[in-house]
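Data block below; observations after.
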There are 2 protein chains.
Amino acid sequence: MIPYKEKKVISIGTVTELTGLTERKIRYYEERGLISPKRTERGTRKYSFSDIETLMNIADKREEGVQTKEIKKDMDNEKKMANIRDDLLRGQLNAHFNLRR
Amino acid sequence: MIPYKEKKVISIGTVTELTGLTERKIRYYEERGLISPKRTERGTRKYSFSDIETLMNIADKREEGVQTKEIKKDMDNEKKMANIRDDLLRGQLNAHFNLRR
DNA sequence: CGTGTAAGGAATTCTGACACG
DNA sequence: CGTGTAAGGAATTCTGACACG
């Protein structure tokens with residue numbers, strides 16, 4: 001199971017088609033730290049399917065009038081929560097298997 | 001579960017990096033019917049992760065000296081076998097659920 | 001048959017800036 | 001703050017062809 005979803009291989013032109021956003025917006029959201037495309041040696045941006053999903057969520061939030069700063073805060077928060085959840089789960093699994101030893 | 005693997009969004013330059021093949025070879029294998037990238041309105045080729053896997057298999061076969069015609073025959077055959085298998089499975093499932101009715 | 005290469009054109013992508021608000 | 005646009009350069013991609021074998 002290779003993580004195709006996270007592989008950064010899509011150029012910005014294709015992203016505009018997939019998301020309906022302009023290049024300008026996409027680059028601006030990067031500037032604000034909402035997404036982090038990879039750069040080729042030459043400097044062209046490469047996005048993953050995951051980035052595209054994020055961009056579509058951003059587009060929805062922006063339509064609701066949410067500012068990029070707010071969107072970023074929410075996204076960072078979600079990641080934090082996910083990490084806490086994963087840490088807890090890991091801890092429980094470890095405790096479980098340690099007890100069984 | 002979106003089929004990222006089949007979505008044709010990768011341009012040929014990225015494919016050369018991912019597969020190690022030259023553009024010439026990639027286009028030639030298309031000419032021989034081994035792969036079928038999508039074309040944008042403007043005419044640039046777009047490949048899927050699935051296409052990339054196919055290309056890597058082709059590269060291996062070519063190194064073994066297998067001709068493209070032979071490779072195509074094998075690939076077509078594999079697809080045929082997969083279809084037969086799927087048809088059989090579908091038939092069994094249908095029979096199963098019909099009997100239960 | 002399979003692949004390299006030079007050729008010329010057309011579209012892509014990038015950055016920094018000015019604009020409006 | 002968020003986005004549009006014109007500007008100029010650099011790299012990408014395409015096709016058809018000649019080459020070698």
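Sequence lines set the chain letters: A, B, ... in the order given, protein chains first and strands last, and positions in each chain run from 1. No experiment lies behind these values; they were computed from the predicted model shown.
Phosphate proximity of dG2(D) to Tyr29(A): absent, as no side-chain N or O sits under 4.0 Å from OP1 or OP2. Look at Tyr28(B) and you won't find any side-chain N or O under 4.0 angstrom from OP1 or OP2 of dT3(C).
Both Leu89(A) and Phe97(A) sit in one connected hydrophobic cluster of ILVMFWY residues. Membership requires side-chain heavy atoms under 4.5 Å apart, directly or through other members.
Atom CZ of Phe49(A) and atom CG of Leu18(A) lie 7.0 Å apart (nearest 0.5 Å).
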With sugar-phosphate taken as primed atoms, P, OP1 and OP2 and all else as base, the protein-contact string of nucleotides 8-13 of chain D at under 4.0 Å (heavy atoms; B, S, -) is ---SSB
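Here the side chains of Glu70(A) and Lys61(A) are not in contact, with every heavy-atom distance at 4.5 Å or above.
dG4(C) and dC18(D) make up a base pair, with Watson-Crick or G-U wobble contacts both under 3.5 Å.
By the neighbour-count criterion of 12 heavy atoms within 6.0 Å, atom NZ of Lys7(B) is sparsely surrounded, having that number or fewer from other residues, nucleotides or ligands.
In this structure, Thr40(B) contributes its side chain and Thr44(B) its backbone to a donor-acceptor pair below 3.5 Å. The backbone N or O of Glu31(B) lies less than 3.5 Å from no partner atom in the side chain of Arg27(B), so there is not a single donor-acceptor pair.
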Would you tabulate the pairs of protein nitrogen or oxygen atoms and nucleotide nitrogen or oxygen atoms of nucleotides 17-19 of chain D closer than 3.5 angstrom?
none

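As a whole-Å value, the separation of Ile71(B) CD1 from dT3(C) C1' is 14 Å.
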